[in-house]
Amino acid sequence: MPELPEVEVVRHGLEPAVTGATVTSVVVHDERSLRRHLGPAEDFIDRLLGAHLIGAVRRGKFLWMPLSSPIDGAEPHTAIVGHLGMSGQLLLRTPEAPTAPLTRVQLGLTHPEHGPLRVDFVDQRIFGSLALDELLPTPDGAAAGHGLLLASIPSQVAHIARDPLDPVFDDPVFVRRLLSRRTTVKRALLDQTLVSGIGNIYADEALWAARVHYEQPLESLSPRRARELLAEVRLVLRRALDEGGTSFDAQYVNVNGASGYFSHSLRAYGQQGKPCPRCGRPIVREQFMNRGSHYCPRCQRVR
DNA sequence: CTTTCGCCCTGAGTGC
DNA sequence: TGCACTCAGGGCGAAA
């Protein structure tokens with residue numbers, strides 16, 4: 001369940017290894033991990049072999065690595081787009097390292113300073129994917145995401161909203177769009193076309209921090225509480241990012257989707273039965289949108 | 001256009 | 001030991 005902070009840790013770890021690297025080999029163990037690639041696996045492999053990567057960029061939960069243009073000095077027009085889905089990992093390995101179980105795709109790289117490297121895409125449930133995609137100019141001309149000052153975005157990511165940590169994120173526009181929705185607050189927080197990067201875990205955490213019930217209708221949420229909720233979203237994401245950043249090993253992208261979670265700081269998610277850190281009343285878990293929703297029945301009431 | 005729903009996918013864990 | 005069953009849910013296309 002990687003969300004913005006986990007994906008950012010992956011991006012940050014990949015960045016020094018892939019920037020300036022050349023693709024020397026591509027092994028596709030399971031074509032289903034290329035579901036979002038238009039064309040067969042052979043096309044993915046052929047176009048990637050010999051390509052030069054120029055960085056690692058992230059918007060919300062999407063990650064992409066632009067390829068340098070074959071024409072000298074021209075803007076890049078293609079990127080490897082990755083989404084980790086529920087269980088995906090991008091692991092940086094040495095070429096000699098054994099292949100982990102559930103490895104779906106392997107990219108062999110050579111870097112002018114770091115030498116040969118391997119990026120392994122491991123994904124148990126195959127909700128994640130890798131693809132080659134066309135880069136399009138951003139409508140506002142601003143950098144498309146975090147990691148590279150490049151005003152172009154993969155076509156598959158163009159409909160994804162900027163995330164709350166993006167310097168170009170527009171708070172008043174977000175609050176207006178949020179409050180005009182005719183649905184409940186958690187549904188809206190999880191809608192990546194409205195605001196990106198938030199998944200089930202950090203939605204529950206931010207709602208708990210802002211004392212908002214997950215089924216609060218947006219028509220009855222005040223602008224003030226909406227702004228407070230946005231502030232709590234940012235705090236929750238930043239705190240997770242800080243914790244992930246400290247445990248990150250520069251040599252390897254060491255993200256374990258199962259146990260490497262920033263679980264030590266969770267106040268609501270997965271805490272059902274445990275006392276609310278604020279009032280002591282047990283946290284409740286309910287089914288909602290085929291997901292678990294965790295909240296404090298005393299602190300978080302529909303109003 | 002907006003909102004909701006169903007589907008994709010499988011290893012790990014649990015109970016008998 | 002082995003089998004059946006449950007669980008985790010992000011993103012997207014189709015439908016209402």
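Computed from heavy atoms alone, side chains included, the values below leave out hydrogens, waters and symmetry copies. Below, chains carry the letters A, B, ... as their sequence lines are ordered, and counting in each starts from 1.
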task = Quick one: list whatever passes ring pair (Phe, Tyr, Trp, His ring centres under 6.0 Å) with A:His213, sequence neighbours left out.
result = A:Tyr295

inquiry  = So, using salt bridge (Lys or Arg N to Asp or Glu O under 4.0 Å) as the criterion, who are the partners of A:Arg125 when residues are at least two apart?
reply    = none

task = Would you kindly say whether A:Gln300 and A:Arg298 are connected by a side-chain donor-acceptor distance under 3.5 Å?
result = no

query = Are A:Asp171 and A:Arg234 close enough for a salt bridge, meaning some N to O gap below 4.0 Å?
reply = yes

task = In whole angstrom, give the distance that lies between atom CD of A:Glu286 and atom P of C:dA8.
result = 14 Å

Polar atom pairs (N or O), protein with nucleotides 14-16 of chain C, under 3.5 Å:
none

task = With sequence neighbours excluded, tell me which residues meet salt bridge (Lys or Arg N to Asp or Glu O under 4.0 Å) with A:Arg47.
result = A:Asp43

note = The side-chain hydrogen bond (donor to acceptor under 3.5 Å, both in side chains) partners of A:Lys61 (sequence neighbours excluded) come to none

request  = Could you tell me the separation between the CZ atom of A:Arg291 and the P atom of C:dA8, rounded to a whole number of Å?
outcome  = 12 Å

Side chains of A:Val236 and A:Trp208 in contact at under 4.5 Å (non-hydrogen atoms) = no

note = Ranking C:dG11, C:dA8, B:dC9 by distance to the side chain of A:Arg285, first place goes to C:dA8

task = Would you tell me if any nitrogen or oxygen in the side chain of A:Lys61 comes within less than 4.0 Å of OP1 or OP2 on C:dG10?
result = no

query = Excluding sequence neighbours, so at least two apart, what forms salt bridge (Lys or Arg N to Asp or Glu O under 4.0 Å) with A:Glu15?
reply = A:Arg11

request  = Nearest whole angstrom, please: distance from the C1' of C:dA8 to the CG of A:Asp204.
outcome  = 14 Å

note = A:Met86 atom CE is separated from C:dC12 atom P, nearest whole Å, by 15 Å

inquiry  = Nearest whole Å is fine: how far is B:dC9 P from A:Arg36 CZ?
reply    = 15 Å

ask   = Just how far, in rounded Å, is C1' of C:dG10 from CG of A:Leu63?
value = 16 Å

Contacts of type salt bridge (Lys or Arg N to Asp or Glu O under 4.0 Å), residue A:Arg59, not counting sequence neighbours = none

Side chains of residues 74-83 of chain A: which donor-acceptor pairs under 3.5 Å do they make with residues two or more places apart or in other chains?
residue : atom : partner : partner atom : Å
A:His83 : ND1  : A:Gly85 : N            : 2.8

request  = Between A:Tyr269 and A:Phe62, just flag the one whose closest nucleotide in DNA chain C comes earlier from the 5' side.
outcome  = A:Tyr269

Nearest-angstrom distance from the residue atom CZ of A:Arg125 to C1' of C:dG10 = 11 Å

Whole-Å distance separating the CG atom of A:Asp123 from the P atom of B:dG11 = 11 Å

note = Protein heavy-atom contacts under 4.0 Å, written 5' to 3' over nucleotides 1-8 of chain B as B (base), S (sugar-phosphate only) or - (none), form the string --SSS--B

task = Using a cut-off of strictly less than 4.0 Å, decide whether A:His83 has a side-chain nitrogen or oxygen near OP1 or OP2 of C:dG11.
result = yes

message = A:His114: which residues meet the ring pair (Phe, Tyr, Trp, His ring centres under 6.0 Å) condition with it, sequence neighbours left out?
response = A:His111

side-chain hydrogen bond (donor to acceptor under 3.5 Å, both in side chains) against A:Arg239, all qualifying residues, sequence neighbours excluded = none

inquiry  = Over all strands shown, is A:Gly292 touching base, sugar-phosphate only, or nothing at heavy-atom distances under 4.0 angstrom?
reply    = sugar-phosphate

Please list, for nucleotides 12-15 of chain B, all pairs of protein and nucleotide N/O atoms separated by less than 3.5 Å.
none

Distance test, side-chain N/O of A:His159 to OP1/OP2 of C:dC12, below 4.0 Å = yes

